[in-house]
Protein chains: 4
Amino acid sequence: MFDLDVRSRKPIYEQLVDKMKELIINDILKSDEQLPSVRTLAQQLTINPNTIQRAYRELETEGYIYSIKGKGSFVSPSSISPNEEKLKKVQGELVRLLSEAMYLGMSMEQLQKMLEEIEEAVKGGSHDD
Amino acid sequence: MFDLDVRSRKPIYEQLVDKMKELIINDILKSDEQLPSVRTLAQQLTINPNTIQRAYRELETEGYIYSIKGKGSFVSPSSISPNEEKLKKVQGELVRLLSEAMYLGMSMEQLQKMLEEIEEAVKGGSHDD
Amino acid sequence: MFDLDVRSRKPIYEQLVDKMKELIINDILKSDEQLPSVRTLAQQLTINPNTIQRAYRELETEGYIYSIKGKGSFVSPSSISPNEEKLKKVQGELVRLLSEAMYLGMSMEQLQKMLEEIEEAVKGGSHDD
Amino acid sequence: MFDLDVRSRKPIYEQLVDKMKELIINDILKSDEQLPSVRTLAQQLTINPNTIQRAYRELETEGYIYSIKGKGSFVSPSSISPNEEKLKKVQGELVRLLSEAMYLGMSMEQLQKMLEEIEEAVKGGSHDD
DNA sequence: GTGGTCTAGACCACA
DNA sequence: GTGGTCTAGACCACA
């Protein structure tokens, strides 16, 4: 399910954060749905619980999930998310990455197509619940 | 000019690599143009020469620049760069980042516009004006 | 074991890279086996940890090993390695070196024999004995 | 003729040494033939004379050429060349390089073929003068 | 404990 | 003068 790559240069907690975001963004994890507990997930993935906790903490500060003491962690309703500051940062990274992709030979057509596919996945996913 | 952030989580050498790439991609640093020497740049940025060299070495292995021992460091002609493997990796990051940007509220229109602006900068720059 | 030559014109880190490659290629270091830690090896060889790390980083970019931050460095599964560009480069060096060896008096018979011995070591080693 | 690559990581003097060896090994430069003077070659290649001199010095120590004061530099008769010590060293490099080539996916058939082609070039070249 | 980054400073190779 | 290597030593991030 999470297929983490221990060999990746990207730290495991960061991979976890990205996977979680992906699941939330694509509406696979729905608003207010409860996430698996730190211990459960740690066992499932045979990963240090500290690492899971680190990921959950990160997701919480970024506004993707919220925690209730004694109950667990839950997906934030998407309306909570819009965040100017964060958007600015992501845009900055995007510009950098798009430039590099073009420089490496990616065509406008390819980029357009990629854009449309992603749009379908994201918008499509968040509508039909 | 380089506005590095020493406090950032991103290592200094990596920030430098990204800035340099940007300058090369946007054709501000032209093919075979000589870069500032390791020592000179180190003084200008008040950063240790080893850190500069680390960045230059990285840029060299990625094919963006080449270094000649007794002479200096120079921008690679862009034709050298095409690299399948690297492109794949960049595309993966792009998908992730585009999804996140849309989720955070960026519209298709904004993305389109961003795309076109970047295209102009990259393609336009590589003409020899 | 590693018999490095500090006086050699070849940098220490490069000697280390070559030795490590040899151990990996001949399957003495098996896939996913953990390498000695940077600090440990540095002590054993009485060499600066930075130099060891330089070698490990090089091996990582060449695809021979992978490093995980809090855990250690490990041998890459051999299937990851195939790399067209690198092979081309090695072939070029081979032609040069073979020509020189023949010029210096090495016979075709000697070369054939050398070839077969290496084949046995490399291919034989990769069976899981 | 010499097509040196200033962008290569290999120092220019070393590239020159290799090219010269190649020409001598393939009998394009014949025994006792006079080499271009340091100054002439420096002008032709628009390279620092010191660099040429460095290359000639290296070729002389390795026994490929000899110099006569006031007259110039000449190709050594091939009988002078056989050199146990040097052969050992080249063999060592060969083993390393052949192992790496196989590990990177070169087949025995490819290596055999390469061997035969080189044999033809070297032996063929030194006979027909 | 393990890898990763960075500094300060020395010395070498090359052009 | 320019890049390249190496050491000694500090401090951080991750698991």
Quick check: on DNA chain E, is the nucleotide nearest B:Tyr13 upstream (toward 5') of the one nearest C:Arg9, or the reverse? Name the residue that is more 5'. B:Tyr13
Of C:Gly72 and B:Gly70, the one whose closest DNA chain E nucleotide lies more 5':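 Closest to the 5' end, via its nearest nucleotide, is C:Gly72.
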Paired and unpaired positions of DNA chain F as dot-bracket, Watson-Crick or G-U wobble under 3.5 Å, | denoting a partner strand: ||||||||||||||.
Earlier contact from the 5' end, DNA chain F, for C:Ile12 and C:Ile68: C:Ile12
From the 5' end of DNA chain E to its 3' end, which nucleotides mark the outer limits of contact with chain D, defined by a 4.0 Å heavy-atom distance cut-off (strictly under)?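 First-to-last contact on DNA chain E, by the 4.0 Å heavy-atom rule, is E:dC14 to E:dA15.
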Any chance CD of B:Gln43 has more than 12 other-residue heavy atoms, nucleotides or ligands included, within less than 6.0 Å?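 Not more than 12 within 6.0 Å, no.
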Please list, one pair per line, the donor and acceptor atoms closer than 3.5 Å that link side chains of residues 16-23 of chain B to other protein atoms, with sequence neighbours excluded.
residue : atom : partner  : partner atom : Å
B:Asp18 : OD2  : B:Lys10  : NZ           : 3.0
B:Lys21 : NZ   : A:Glu100 : OE2          : 3.0
B:Lys21 : NZ   : B:Glu62  : OE1          : 3.0

Heavy-atom donor-acceptor pair, [X] side chain to [Y] backbone, under 3.5 Å:
X	Y	result
D:Glu58	D:Glu14	no
C:Asn26	C:Ile28	no
D:Ser73	D:Leu35	no
D:Gln53	D:Val38	no

Where along residues 33-57 of chain B does a heavy atom fall under 4.0 Å from DNA chain F?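 Contacts with DNA chain F under 4.0 Å: B:Ser37, B:Val38, B:Arg39, B:Asn50, B:Gln53.
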Between C:Leu45 and C:Ile12, does the side-chain contact (heavy atoms from CB on, under 4.5 Å) criterion hold? Intermediate values first, please. CA-CA 11 Å; C:Leu45 305 178; C:Ile12 296 174; over 6 Å; no
side-chain contact (heavy atoms from CB on, under 4.5 Å) between A:Gln44 and A:Thr40, worked out: CA-CA 6 Å; A:Gln44 270 182 28; A:Thr40 309; 3.9 Å; yes
Can you name the ring-ring contact (aromatic ring centres under 6.0 Å, His included) partners of A:Phe74, sequence neighbours left out? A:Tyr66
Test of understanding: with salt bridge (Lys or Arg N to Asp or Glu O under 4.0 Å), list the residues that count as partners of B:Glu60, not counting sequence neighbours.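 In terms of salt bridge (Lys or Arg N to Asp or Glu O under 4.0 Å), with neighbours along the sequence ignored, B:Glu60 is linked to D:Arg9.
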